[in-house]
Chemist: 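Pasting in a structure now, in structure tokens, and then I'll have a few things to ask.
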Number of protein chains: 2
Amino acid sequence: MKNKTTKSSEDYLETIYLIKQKKRIVRVIDVARCLSVTLPSVTGALKKLSEKGLVKHTSYGEIELTENGEKIAKETWEKHKLLFALLHDIIGISENTAYKEACLIEHFISKETEEKIKQFLKRHKNK
Amino acid sequence: MKNKTTKSSEDYLETIYLIKQKKRIVRVIDVARCLSVTLPSVTGALKKLSEKGLVKHTSYGEIELTENGEKIAKETWEKHKLLFALLHDIIGISENTAYKEACLIEHFISKETEEKIKQFLKRHKNK
DNA sequence: TTTCAAAGTTAGTTATGACTAAGTTAGTAT
DNA sequence: ATACTAACTTAGTCATAACTAACTTTGAAA
């Protein structure tokens, strides 16, 4: 029952999740613009994500995350926020670079690392 | 003249560089074991790296880095060491996890980030 | 010097995930 | 109601980078 999520899947789920916060209805073109990919790339990705039970998507319709999909999206976004805080607030990397690199690194850090960063940030908040 | 190096190429170059520090002669099987890939994967990778002028490799012979190849290997390893110090020494992540994740993250950080981490570590050395 | 096992190569396959080209759908404007 | 356009899908291609199977080379032991 090992359902390994790829970097790419996590990116799509996270993007859908973030668009949903602002737009109520998420469409293929929104995702394509956010990720700088073409429409067919999104359609293809959604097909795979549907098969894995991570999104609901009817042809020409709106895109929604399933419970599992939203769980992964939130976890990924959580990592992103932690990494951004570390890179930007603590280490002093520019907002832009920190955002972009958090987006790349978020796919590679373990639960252990996430926890340790969280604790580290807590310690350094009141400094 | 944009010679983009992939994550995979960087891994091979870095591995060859590190083996060379210990073994004088680097062989296909050493690289395969280090990276946990098969021999044909290494042969294939070396062919591409040769074409890009990053390694010298004669059939059934030893593997050597060119000047350019060594430059990339050193840069990658430098990032690895910085990330390891950040993750392990500062944030407190276990040696094993820190090493593995530094190895993944090293391919995604910019010169800016590298510099900022270096400065950060310097500041926190005398603490 | 012959043989044989380990190392290495070649050829062909697979998976992922992007792309273009071409065709379909659906909703807005007339 | 019709037509038009933006959004979307389908089909097929390409690049990367791994893999297995089968064959070749090399060097060390007999």
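In what follows, chains are A, B, ... by sequence order, proteins preceding strands, each numbered from 1.
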Chemist: Using the heavy-atom set of chain B and a strict 4.0 Å cut-off, write down the first and last nucleotide of DNA chain D that makes it in, 5' to 3'.
Modeler: D:dA17 to D:dT26
Chemist: Expressed in angstrom and rounded to an integer, what is the separation of B:Ile25 atom CD1 from C:dA7 atom C1'?
Modeler: 14 Å
Chemist: Which parts of nucleotides 15-26 of chain C does protein reach within less than 4.0 Å, heavy atoms only, written one letter per nucleotide 5' to 3' as B for base, S for sugar-phosphate only and - for none?
Modeler: --BSBBB--BS-
Chemist: Hey, any chance A:Ile117 and A:Leu104 share a hydrophobic cluster, counting ILVMFWY side chains that come within less than 4.5 Å of each other, even indirectly?
Modeler: no
Chemist: Inspect the contact between A:Lys7 and A:Glu10 and indicate whether a charged nitrogen and a carboxylate oxygen are less than 4.0 angstrom apart.
Modeler: no
Chemist: Starting from the C-alpha separation in whole Å, work towards a yes-or-no answer on side-chain hydrogen bond (donor to acceptor under 3.5 Å, both in side chains) for B:Glu14 and B:Thr76.
Modeler: CA-CA 7 Å; B:Glu14 185 185 25; B:Thr76 306; 5.8 Å; no
Chemist: Could you tell me if B:Glu101 and A:Thr113 have a donor-acceptor pair between their side chains, going purely by distance under 3.5 Å?
Modeler: yes
Chemist: If I take atom NZ from residue A:Lys116 and atom CD1 from residue B:Ile91, how far apart are they, to the nearest 0.5 angstrom?
Modeler: 10.5 Å
Chemist: Does B:Glu75 pair with B:Lys79 as a salt bridge, N-O distance under 4.0 Å?
Modeler: no
Chemist: Which whole-number value in Å describes the distance from B:Arg27 CZ to C:dA7 P?
Modeler: 9 Å
Chemist: Taking only Lys NZ, Arg NE, NH1 and NH2, and the carboxylate oxygens of Asp or Glu, determine whether A:Glu70 and A:Lys74 approach each other closer than 4.0 Å.
Modeler: yes
Chemist: Tracing side-chain links under 4.5 Å among I, L, V, M, F, W and Y, which residues wind up in one group with B:Val55?
Modeler: B:Tyr12, B:Leu13, B:Ile16, B:Tyr17, B:Leu18, B:Ile19, B:Val26, B:Val28, B:Ile29, B:Val31, B:Leu35, B:Val37, B:Leu39, B:Val42, B:Leu46, B:Leu49, B:Leu54, B:Ile63, B:Leu65, B:Ile72, B:Trp77, B:Phe84, B:Tyr99
